[in-house]
Structure formats: C-alpha cells, structure tokens
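Along the sequence shown, residues are numbered consecutively beginning with 1.
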Amino acid sequence: QLQFVESGGGLVQPGGSLRLSCAASGFTLNYYAIGWFRQAPGKEREGVSCISSGGGSTTYTDSVKGRFTISRDNAKNLVYLQMNSLKPEDTAVYYCATERQKWYSCSRWPSLSSYTNWGQGTQVTVSA
C-alpha cells in the first residue's frame, strides 16, 4: 500500500561515493519525516540519518557526520542520501522509512518502532 523503493546501492572502493535514492510508492513524501537506516550482517538495524518533512532539520548518527548528507526533493517525491568518504564499516543494506505521524519531526529517530512503510533496501558494499 505505502512503501518506499530504495536504489543507488552498489560496490564502491573505500573513499568513494554513492548516492542513494528513496522513491515513494503510492503516497506523497511531503507530509513525512524520513529516516535512513542500515543493517549489516549479524547486526541490528541502526539509524543513519533523518530529515524533517519540510527539509529544515536533519539528524545524523555520529559515525557518518561530515561524510553523509540527507536531502529531499518533495516536488519529485524523492529523498536522497549522499554518501562520501565511504568506509568498509558502511557496508550494509540501507533502508528508508517514514515517521508514523504526518508532519512530525525527527525527534523519535532512530526508534525503529516509530517508522513505517519500509522499502526493500539497497545493498551498499565498500571494499577494496
């Protein structure tokens, strides 16, 4: 019914860059804060970044600050995650999801239970 489609993942060398996209399927992104999450093999899913519905506020986990940038283009119904200076520890499946409440902030990020409409994920592999 309401779901994201993530794309843009792939294999990249350490220090390289990737830009992930999150496209809405069956709904409009404008109303929602959007979170990016990732899950590496054998590890729990963790929050990477969040952007408010209007795009005026962004949040990042400490390990990606200064390297990743989240943005959104509501006119195109897309959310992006620009990833620079990638490290092997960034290797994971990356997901996007909406905050459950419309027009809500990122204050409940990275609580997984506060987000819904998860996409299928896109694989990011950082390896030499």
Side-chain angles (χ1 to χ4, degrees):
Q1 183 180 17
L2 303 178
Q3 191 177 39
F4 283 127
V5 177
E6 300 95 337
S7 63
L11 175 64
V12 64
Q13 295 183 3
S17 298
L18 286 173
R19 190 189 195 193
L20 306 184
S21 297
C22 182
S25 178
F27 66 103
T28 299
L29 294 181
N30 302 31
Y31 309 121
Y32 303 96
I34 306 297
W36 279 100
F37 303 81
R38 66 186 180 187
Q39 187 166 21
K43 297 184 178 180
E44 295 184 357
R45 191 169 299 184
E46 64 173 346
V48 177
S49 185
C50 183
I51 187 167
S52 62
S53 59
S57 180
T58 58
T59 304
Y60 302 89
T61 191
D62 287 344
S63 64
V64 308
K65 287 181 179 178
R67 300 188 298 120
F68 290 11
T69 302
I70 189 171
S71 63
R72 66 191 302 158
D73 187 338
N74 285 341
K76 296 181 179 179
N77 220 27
L78 293 172
V79 177
Y80 305 103
L81 184 67
Q82 178 67 46
M83 306 186 295
N84 298 325
S85 302
L86 284 163
K87 304 175 181 179
E89 49 263 44
D90 295 318
T91 296
V93 177
Y94 284 71
Y95 302 87
C96 56
T98 64
E99 158 65 60
R100 290 185 180 273
Q101 296 293 324
K102 292 182 178 179
W103 305 112
Y104 209 76
S105 69
C106 291
S107 63
R108 302 198 294 187
W109 177 92
S111 174
L112 298 179
S113 63
S114 297
Y115 286 78
T116 190
N117 301 323
W118 297 88
Q120 83 289 342
T122 186
Q123 176 70 52
V124 172
T125 302
V126 184
S127 176

Side-chain contact, heavy-atom cut-off 4.5 Å: [X] with [Y]?
| X | Y | answer |
| --- | --- | --- |
| Q82 | S71 | no |
| F68 | S49 | no |
| C106 | S57 | no |
| C96 | E6 | yes |
| T116 | E99 | no |
| M83 | R67 | no |
| R19 | L81 | no |
| T91 | V124 | no |

Given the ring of [Y], does [X] sit roughly above its face, with NZ or CZ under 6.0 Å from the centre of the six-membered ring and within 45° of the axis?
| X | Y | value |
| --- | --- | --- |
| R100 | Y104 | no |
| K102 | Y31 | yes |
| R72 | Y80 | no |

Could you work out the complete set of other residues in the hydrophobic cluster of L112, with links drawn between I, L, V, M, F, W and Y side chains under 4.5 Å apart?
-> F37, V93, Y95, W109, Y115, W118
Is L20 linked to L11 within one hydrophobic cluster, defined over Ile, Leu, Val, Met, Phe, Trp and Tyr using a side-chain heavy-atom separation of less than 4.5 Å?
->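 No; tracing contacts between hydrophobic side chains, which count when under 4.5 Å, never links both residues.
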Hey, quick one: are I70 and L78 part of the same hydrophobic cluster, counting side-chain heavy atoms closer than 4.5 Å, chains of contacts allowed?
-> no
Aromatic plane relationship, F27 with Y32 - under 30° parallel, 30 to 60° tilted, over 60° perpendicular | perpendicular
Could you give the distance from [atom1] ([X]) to [atom2] ([Y]), rounded to the nearest 0.5 Å?
| X | Y | atom1 | atom2 | result |
| --- | --- | --- | --- | --- |
| Y94 | T122 | OH | OG1 | 10.5 Å |
| N74 | T28 | CG | OG1 | 9.0 Å |
| Q39 | Q123 | CD | CD | 11.0 Å |
| E89 | S63 | CD | OG | 8.5 Å |
| K76 | S21 | NZ | OG | 10.0 Å |
| N30 | S53 | CG | OG | 8.5 Å |

May I have all residue pairs that pass salt bridge (charged side-chain N to carboxylate O under 4.0 Å, His left out) and include part of residues 109-128, sequence neighbours excluded?
-> none
Shortest non-hydrogen contact from [X] toward [Y]:
| X | Y | answer |
| --- | --- | --- |
| A33 | S105 | CB-O, 3.8 Å |
| I34 | F4 | CD1-CZ, 3.4 Å |
| L29 | N77 | N-OD1, 2.8 Å |

Can K65 and D62 be counted as an ion pair, charged N to O under 4.0 angstrom?
-> yes
Side chains of S127 and T125: donor-acceptor distance under 3.5 Å anywhere?
-> no
